[in-house]
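To keep things clear, I will list the structure first and then write my remarks on it.
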2 protein chains.
Amino acid sequence: MDNSDVSDDRNAEKRILESARHIFHIKGFEGTKMQEIADDARINKAMLHYYYRSKDKLFEAVFSEAAMDFFPKVLQLIDNDLPVFEKIKNFVHGYIDVVLTNPCIPGFIISELNQNPERLKKFFSKKQIRPPDKFVNQIIKAARDKKIVPTDPMQLMLNIISLCLFPIVARPVIETIFNIPDNKYLRFMEVRKKEVTKFIINSIKVK
Amino acid sequence: MDNSDVSDDRNAEKRILESARHIFHIKGFEGTKMQEIADDARINKAMLHYYYRSKDKLFEAVFSEAAMDFFPKVLQLIDNDLPVFEKIKNFVHGYIDVVLTNPCIPGFIISELNQNPERLKKFFSKKQIRPPDKFVNQIIKAARDKKIVPTDPMQLMLNIISLCLFPIVARPVIETIFNIPDNKYLRFMEVRKKEVTKFIINSIKVK
DNA sequence: GTCTATATAGGGATAGAC
DNA sequence: GTCTATCCCTATATAGAC
């Protein structure tokens with residue numbers, strides 16, 4: 001079946017960005033060839049340069065888009081008014097869900113940032129990411145009220161994110177050493193949502 | 001200062017592998033150019049092909065070396081006869097120490113494996129990595145003895161590894177969003193060793 | 001806006017002298 | 001074993017017709 005017409009009614013510029021996104025996310029900057037993007041968008045290679053002057057510019061568009069989509073979502077899930085244990089459950093479930101809809105993005109961002117750490121600083125100075133004040137205050141207050149044990153909010157936040165993201169970023173490694181077949185991984189992450197939530201709350205809750 | 005002679009007395013083959021390791025670890029397969037390796041090894045490009053027929057072969061050497069160095073160390077630290085809480089402390093501290101001596105390797109392995117998941121399967125079938133039986137049995141027994149809460153050993157192991165590795169793999173991201181200057185990161189990881197140990201033991205310990 | 005053709009450079013690999 | 005020179009292909013980018 002050929003679904004050319006389905007895509008063709010969106011304009012070329014959008015199709016290019018879509019293909020670029022798809023391929024850059026999987027193969028990274030160096031691994032991606034302009035020809036491959038052109039083919040995927042069913043368009044001529046020259047068109048890429050017509051719309052986005054260079055490979056760098058096209059990559060920049062894809063990268064900012066990913067970062068802009070990614071960081072605010074963490075903040076939104078962690079920096080709200082839910083009570084602390086509910087918030088943690090909600091974060092773990094919600095965050096894993098969100099990431100699983102675009103499972104390549106975290107690895108893409110991390111890997112490209114290791115190549116070129118300046119990229120993020122440039123991005124952050126433009127976009128101004130604010131610190132998670134509500135979360136920080138909430139953790140300090142919960143400790144004062146003896147609901148949780150004294151905890152550095154930033155270390156806790158890093159723990160939560162590590163537990164959610166690492167299994168997705170390192171998926172191929174984990175599939176291999178834990179011998180999980182590819183088609184069982186989603187199910188594994190479903191189970192993991194509950195495990196991680198329990199693990200975190202267990203650790204900080206005062207009993 | 002020129003330290004050519006210091007390195008020159010080791011033979012070319014070793015120097016090449018050393019440079020290849022260094023550059024592949026940082027830039028990955030696609031990002032690495034043979035010329036750059038040659039320059040770094042202060043040797044001619046043709047020599048690379050003389051010793052290691054192709055870029056693929058050279059990469060293969062570097063990758064297996066990294067994997068062979070990396071996976072057994074996890075096993076050695078987690079699958080021994082220490083008592084459970086001591087083992088966890090020992091693992092977190094020892095593992096972070098080991099990884100920090102080669103901080104690029106985890107990201108290198110993860111990222112290359114996302115590009116080509118077959119690589120690890122090939123490697124594992126050769127090298128035969130055994131499962132961490134001692135650890136698994138220990139966790140089951142500790143739960144039976146009510147020393148820890150009932151815990152899936154594999155989920156626990158994944159939790160521990162996530163907490164240790166993610167902050168190293170995602171270092172540039174974390175430095176930026178937590179605003180940690182580059183020269184403070186080692187200190188941050190020192191603090192983190194204790195935090196993570198506490199966090200894990202707190203979570204599973206029966207009080 | 002879209003295509004073909006082509007310029008230009010870079011990168012992997014080899015031939016062949018020493 | 002080590003070097004220079006070179007082959008050949010691929011990749012980014014542009015020129016110019018339509």
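By convention in this document, chain letters (A, B, ...) are assigned in the order of the sequence lines, proteins followed by strands, and residues within each chain are numbered from 1. This is a predicted model, so every value here is computed, not measured.
In this model, the phosphate group of D:dT14 is not approached by any side-chain N or O of A:His49 to a distance below 4.0 Å at OP1 or OP2.
Using a 4.0 Å cut-off between charged side-chain N and carboxylate O, A:Arg171 and A:Glu175 make a salt bridge. Between A:Arg119 and A:Glu60 there is a salt bridge, since a side-chain N of the basic residue sits under 4.0 Å from a carboxylate O of the acidic one. A salt bridge does not link A:Glu30 with B:Lys27: every distance from a Lys NZ or Arg NE/NH1/NH2 to an Asp or Glu carboxylate oxygen is 4.0 Å or more.
In this structure, B:Tyr52 atom OH and D:dG1 atom P are separated by 12 Å, rounded to whole Å. Atom CG in B:Leu48 sits about 11 Å away from atom P in D:dC3, given to the nearest Å. Whole-Å rounding puts the B:Arg53 CZ to C:dA15 C1' distance at 15 Å. As rounded to whole Å, 19 Å separates atom P of D:dC9 from atom CE of B:Met34. To the nearest angstrom, P of D:dT12 lies 11 Å from CD1 of A:Ile23. Rounded to an integer number of Å, the gap from CD of B:Gln35 to C1' of D:dT10 is 17 Å. A straight line from CZ of A:Arg15 to C1' of C:dT2 spans 12 Å, rounded to a whole angstrom. Taking atom CD1 of residue A:Ile37 and atom C1' of nucleotide D:dA11, one finds them 12 Å apart after rounding to whole Å.
Closest approach to the A:Asn44 side chain among D:dA13, D:dC3, C:dC3 is made by C:dC3 (side chain taken as heavy atoms from C-beta onward). Between C:dC3, C:dT2, C:dT14, one nucleotide has an atom nearer to the side chain of B:Ala46 than all others, and that is C:dT14. The nucleotide whose nearest atom lies closest to any side-chain atom of B:Lys55 is, among D:dT4, D:dT12, C:dA13, C:dA13. In the set C:dG12, D:dC3, D:dA13, the nucleotide with an atom closest to the side chain of B:Ile43 is D:dC3. Listed candidates were D:dA13, C:dG12, C:dA15. Nearest to the side chain of A:Lys45 is D:dA13. The side chain of B:Tyr50 approaches D:dT2 more closely than any other nucleotide in the set C:dT2, D:dT2, C:dG12. Distance from the side chain of A:Lys33 is smallest for D:dA11 among the nucleotides D:dA11, D:dT14, D:dT4.
Cation-pi geometry between A:Lys87 and A:Phe135 is not met at under 6.0 angstrom from the ring centre and within 45 degrees of the axis.
Inter-residue side-chain proximity for A:Ile200 and A:Ile160 is flagged as met; some heavy-atom pair is nearer than 4.5 Å.
Checked against the 6.0 Å centroid criterion, the rings of B:Phe24 and B:Phe59 qualify as a close aromatic pair.
Across all strands shown, A:Tyr51 has heavy atoms under 4.0 Å from sugar-phosphate atoms exclusively, and none from any base. Within the 4.0 angstrom heavy-atom criterion, base atoms lie near A:Met47.
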field: Watson-Crick or G-U pairs under 3.5 Å in DNA chain C, rendered as dot-bracket with [ ] for crossing pairs and | for another strand
entry: ||||||||||||||||||
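Under the 3.5 Å distance criterion, the side-chain polar atoms of A:Gln138 are matched with a main-chain donor or acceptor of A:Leu82.
Exactly one of A:Lys193, A:Arg192, A:Arg187 qualifies for a side chain to side chain donor-acceptor pair (under 3.5 Å) with A:Glu190. That residue is A:Lys193.
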